[in-house]
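Remarks on the structure that follows.
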There are 2 protein chains.
Amino acid sequence: MATIKEVARQAKVSVGTVSNVVSGSAPVSPKLRERVLKAISHLDYQPNHVARSLKVRQTRMLGMVVSDITNPFFPQMVRGAEDAALSHNYLLVTINTDDHLEREKQILSVLRTRRVDGILLVMSPNDGDVTHIRNTIAAGIPVVCLDRLPPSLSVDSVATDNVKGAEMCVRHLISMGHLHIGIITGSVKLQTASDRLKGYENALTEAGVPIDRNLIREGDFRLEAGYRLSKGLLLSAKRPSALFATNALMGLGAVKATEELGLRCPQDVAIAMFDDLPIAEALRPHLTAVAQPAYSIGFQGAELLIGRIEGSVNGKKPITIRLEPELRVRESSLGSASPARLFETGVPAQG
Amino acid sequence: MATIKEVARQAKVSVGTVSNVVSGSAPVSPKLRERVLKAISHLDYQPNHVARSLKVRQTRMLGMVVSDITNPFFPQMVRGAEDAALSHNYLLVTINTDDHLEREKQILSVLRTRRVDGILLVMSPNDGDVTHIRNTIAAGIPVVCLDRLPPSLSVDSVATDNVKGAEMCVRHLISMGHLHIGIITGSVKLQTASDRLKGYENALTEAGVPIDRNLIREGDFRLEAGYRLSKGLLLSAKRPSALFATNALMGLGAVKATEELGLRCPQDVAIAMFDDLPIAEALRPHLTAVAQPAYSIGFQGAELLIGRIEGSVNGKKPITIRLEPELRVRESSLGSASPARLFETGVPAQG
DNA sequence: TTGAAAGCGCTAACAT
DNA sequence: ATGTTAGCGCTTTCAA
């Protein structure tokens with residue numbers, strides 16, 4: 001690979017002039033510019049960005065730490081972040097943690113050593129152990145948290161209003177006549193999960209329906225957990241007439257469990273979930289879902305981060321962006337709870 | 001951020017000694033090592049990987065160029081590549097092209113300027129215009145092509161045996177009594193697509209079924225195209241009794257079209273597709289699919305690439321790895337073509 | 001075993 | 001407008 005020196009020699013100019021031609025940071029006479037350009041194309045010269053990074057002390061790289069890109073919620077978010085990053089000439093480096101805190105710590109350390117200019121972080125469940133994040137910020141690397149929020153940390157963040165989304169969803173189920181609504185949730189250590197649970201409780205409470213702890217089942221945000229917890233609920237003495245899954249994978253698990261038990265959706269059990277799938281409408285049952293603006297979360301997160309990096313956003317107070325969820329009602333929740341069915345399964349109509 | 005110099009000063013040793021402690025590349029006496037370690041933790045020193053990269057002329061970064069991470073086939077592949085990369089201490093930088101050739105060229109140029117050590121590439125449709133890839137390789141950056149193969153380029157590659165996968169799938173449909181099988185395919189400019197088409201034709205031919213060009217519909221690998229092309233086929237005079245979708249998104253489009261026309265799957269029209277979805281078994285109808293080892297493609301691709309980079313793999317001849325697809329038969333293809341139905345739609349049983 | 005110093009390829013300050 | 005040069009933070013020879 002040719003260096004700036006070789007280009008300079010071939011064009012019979014100084015390296016400074018070549019640099020000026022390449023970066024346009026200072027005027028160069030047409031004659032010399034011509035010669036430089038010719039040498040560049042002749043030598044197939046590509047500036048060494050590593051050397052530049054060392055000199056100007058910025059890599060124009062952003063770290064993106066997600067739990068698992070194979071979870072269909074994240075690719076959209078990553079695309080949003082990538083589009084914003086590239087439009088500002090940053091490169092996005094995405095790494096998965098699988099929600100392991102130790103891995104997250106290690107990755108943050110790698111990103112520091114790599115001197116990324118900033119980090120977009122989807123936190124792992126952490127029990128308040130956030131010193132690694134604090135240290136990263138203290139080392140001068142701005143961090144913007146996406147999707148999940150750190151209860152005990154003052155940091156910029158972009159996320160959906162999860163309480164509200166869950167409220168909308170559960171209110172809808174109640175309006176369809178369901179009073180016995182099971183919820184399957186990921187780790188309530190994640191504020192995402194606890195907020196959705198709170199929304200569920202709010203909606204029930206405002207409708208005067210007492211909270212039944214038996215209807216609340218906690219696992220992780222994977223399909224398998226959704227399947228297992230749903231099965232537990234559907235086989236319990238007081239079978240719920242509706243299931244609220246707190247993310248898409250758990251929702252699919254609920255569908256699988258429902259099917260496997262020979263129950264019809266929505267006639268026997270209604271299902272609604274947090275997160276919509278891009279492919280949802282192509283599949284049966286058409287699932288009622290709370291759509292999150294995943295792309296926007298990524299995009300706005302990256303914009304905010306870049307604002308911090310470049311100083312256009314300043315101020316000590318953390319910036320909190322809450323995006324609006326959208327309820328998409330589809331057939332999976334459209335069967336109303338029928339007293340007859342409730343009677344059959346021995347569950348008396350409540351309220 | 002502390003530098004190696006500050007650590008050296010604080011530990012009262014030379015920078016060379018600090019370097020040796022950090023990298024372990026030369027022995028250091030316990031006494032000095034101790035002092036250095038203390039200074040490092042005291043200053044929260046993180047070596048500057050950018051400076052190291054400049055000096056040793058390797059970034060330990062791999063570029064991963066995919067068409068679109070929101071296509072559910074790719075996240076698994078990326079995970080495979082990431083796992084392999086991280087285990088060898090490489091960082092994976094993933095970028096989307098949306099199958100735009102111009103964008104691919106631009107990204108390859110960015111990756112060169114960034115001095116990545118190697119590139120994993122899922123090519124865009126290119127009409128044989130591969131000089132940008134050739135140039136990248138000529139510049140000393142090894143490239144391994146994944147999933148899609150360059151007909152006119154001698155380069156390492158890892159992909160599924162697409163001909164075979166399509167053959168398996170179509171043979172299965174034939175064995176279920178289908179002789180009038182429609183195929184919806186992405187751009188046949190991609191060898192991936194043309195190979196699957198070839199497999200389709202092979203299976204028909206070996207069964208003595210003549211190829212009907214009317215049953216072959218070409219679009220791109222997106223859901224919308226799958227939907228549109230399927231609708232066209234299902235509304236045509238000779239409605240096929242089975243649909244073979246050449247990727248998952250097109251398959252979902254086919255499901256949507258089938259539903260929308262009030263046709264039952266598999267009773268009215270059987271559906272089978274290339275690519276399995278991790279979430280497939282949670283959804284109705286359960287789709288018969290040719291599963292590709294996406295994770296393996298990514299993993300083995302990265303291993304091969306790293307082998308090239310580090311010289312453990314050499315030899316001028318390109319290495320071609322073909323992985324075996326696996327047919328997963330599910331309910332969407334289990335209805336056999338009934339003569340009665342064929343009669344209804346005016347299609348006489350053939351063969 | 002340790003220290004001193006050159007140099008990776010670039011930018012930017014300074015001199016001309 | 002152009003050339004010269006110091007220096008970004010590290011690794012690695014070479015000498016001691």
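Residue numbers begin at 1 in each chain, while the letters A, B, ... track the order of the sequences. When reading the values below, keep in mind they use all heavy atoms of this one structure, side chains included, and skip hydrogens, waters and symmetry mates. Remember, it's a predicted structure, so these values are computed and weren't measured experimentally.
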> Between A/K105 and A/E102, is a salt bridge (charged side-chain N to carboxylate O under 4.0 Å, His left out) present by the stated rule, with each step listed?
Replying inline: CA-CA 5 Å; A/K105 290 180 180 176; A/E102 284 314 309; 3.6 Å; yes
>> Return whichever of B/T17 or B/R115 has its heavy-atom-nearest nucleotide of DNA chain C closer to the 5' end.
In response: B/T17
> Are B/R57 and C/dC8 close enough that a side-chain N or O sits under 4.0 Å from OP1 or OP2?
Replying inline: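 Indeed not, no polar side-chain atom of B/R57 lies that close.
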> Taking OP1 and OP2 of C/dG9, is either one under 4.0 Å from a side-chain nitrogen or oxygen of A/T3?
Replying inline: no
>> When you compare the side chains of B/H132 and B/T136, does any donor N or O come within less than 3.5 Å of an acceptor on the partner?
In response: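 No, because no side-chain N or O of B/H132 sits under 3.5 Å from a partner of the opposite role on B/T136.
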Scan [X] against the nucleic acid and name what it touches under 4.0 Å (heavy atoms): base, sugar-phosphate only, or nothing.
X	value
B/V50	nothing
B/V28	sugar-phosphate
B/S19	base

> Roughly how many Å is it from CD1 in B/I4 to P in C/dC8, rounded to a whole number?
Replying inline: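 These atoms are roughly 18 Å apart.
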>> Nearest to the side chain of B/V15, heavy atoms from C-beta on, is which of C/dC10, C/dA5, D/dT4?
In response: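 The closest nucleotide is C/dA5.
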> Taking the side chain of B/V13 as its heavy atoms from C-beta onward, which of C/dG3, D/dA1, C/dG9 lies nearest to it?
Replying inline: C/dG3
> Quick one: bend of the helix from C/dT1-D/dA16 to C/dT16-D/dA1 from 5 pairs per end, to 10°?
Replying inline: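 The end axes of the helix from C/dT1-D/dA16 to C/dT16-D/dA1 are about 40° apart, to the nearest 10°.
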